[in-house]
Amino acid sequence: MRIGSTVVEDIFSRAGAYLEGHFLLASGKHSPFYLEKFQVRQWPQETERLCQSIAESARGLGVQTVAGPTTGGIILAHEVARQLGVRAVYAERAADGRGREFRRGFRLNPGERVLVVDDIMSTGGSLRETIDAVRANDAEVVGVGVLVDRSAGQAGFDGLPLIALWEVSIPAYGPDDCPQCVQGTPLVKPGTTPAPIIAA
């Protein structure tokens, strides 16, 4: 059964994943809010529940494989695929640093129906790179699934069905327009490495 956006927001809030402060985003912009998705994914039962909602929404798409970008999409691709009874693959950064590619012996067959999933969609860049990697193998992307669409519906995928469990508009500012910078609030760079404090 598909869960509503208020339930998804509650899951993120209870996990301590909806953070308030002054954050440097991967895009280079600043934001007073940050979604730390790994705080949610440390709870397998919540991850299973979220992925079940994506899987239920994708059942009519004839999915044969679920693909996700590293690193965030690996767990989601695996769990959505498990619930659909299909296989999971993931796309890594290409060796030349441009886009993504399937390595480690992953193969897609021509015409294979692939659902592409990720956790948080801001601009959709990782998803587009994964879609391109699927299409480079002559496979067919049949839909896109995300836990959170923080683009508030602005990121599109050429008419592909988009399954977004929670749409939220989170403000982002250029460094010259950032209210927190004006106030002198220390800037934090979140991510997989320890978050250094960056002078505002």
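No experiment lies behind these values; they were computed from the predicted model shown. Index from 1, following the sequence.
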Hydrophobic cluster membership, L50 vs L35, 4.5 Å side-chain cutoff: yes
How many angstroms lie between CD in Q64 and CG in L84, if you round to the nearest 0.5 Å? 11.5 Å
R87 bridged to E112 by N-O distance under 4.0 Å: yes
For the pair Q83 (side chain) and E48 (backbone), establish whether a donor and an acceptor sit closer than 3.5 Å, ignoring hydrogens and angles. yes
Determine, using the 4.5 Å side-chain heavy-atom cutoff (strictly less than), whether I54 and W166 are members of one ILVMFWY cluster. yes
State, to 0.1 Å, how close D118 and G72 come at their nearest heavy-atom pair, and which atoms those are. OD1-C, 3.9 Å
Let me check something: do L76 and V86 share a hydrophobic cluster, defined by ILVMFWY side-chain heavy atoms less than 4.5 Å apart, either directly or through other members? yes
Side chain of D96, backbone of R98: donor and acceptor closer than 3.5 Å? yes
Tell me if a side-chain donor or acceptor on R103 pairs with a main-chain N or O of R93 at a distance below 3.5 Å. yes
Taking the six-membered ring of F38 as reference, does the cationic atom of R41 (NZ for Lys, CZ for Arg) lie under 6.0 Å from its centre and within 45° of its axis? yes
Could you check if a side-chain atom of P32 sits within less than 4.5 angstrom of a side-chain atom of Y173, using non-hydrogen atoms only? yes
A quick test of your reading: do over 12 heavy atoms of other residues, nucleotides or ligands sit less than 6.0 Å from CZ of R104? no
Output for pair (S31 OG, H22 NE2), nearest 0.5 Å, gives 9.0 Å
To the closest 0.5 Å, what do you measure between CG (L147) and CG (D119)? 6.0 Å
Backbone N or O of S169 within a donor-acceptor pair of the R150 side chain at under 3.5 Å? no
For residues 3-13, dump all side-chain donor-acceptor pairs below 3.5 Å to protein atoms at least two apart in sequence or in another chain.
| residue | atom | partner | partner atom | Å |
| --- | --- | --- | --- | --- |
| D10 | OD2 | R14 | NE | 2.8 |
| S13 | OG | E9 | O | 3.0 |

What's the verdict on ring-ring contact (aromatic ring centres under 6.0 Å, His included) for Y90 and F106, showing C-alpha distance, side-chain angles and the deciding distance? CA-CA 8 Å; Y90 55 89; F106 289 138; 5.1 Å; yes
With side-chain hydrogen bond (donor to acceptor under 3.5 Å, both in side chains) as the test, pick out the partner of Q39 among E36, Q42, K37. Q42
Would you say the side chain of E129 lies within less than 4.5 Å of the side chain of P69, judging by non-hydrogen atoms? no
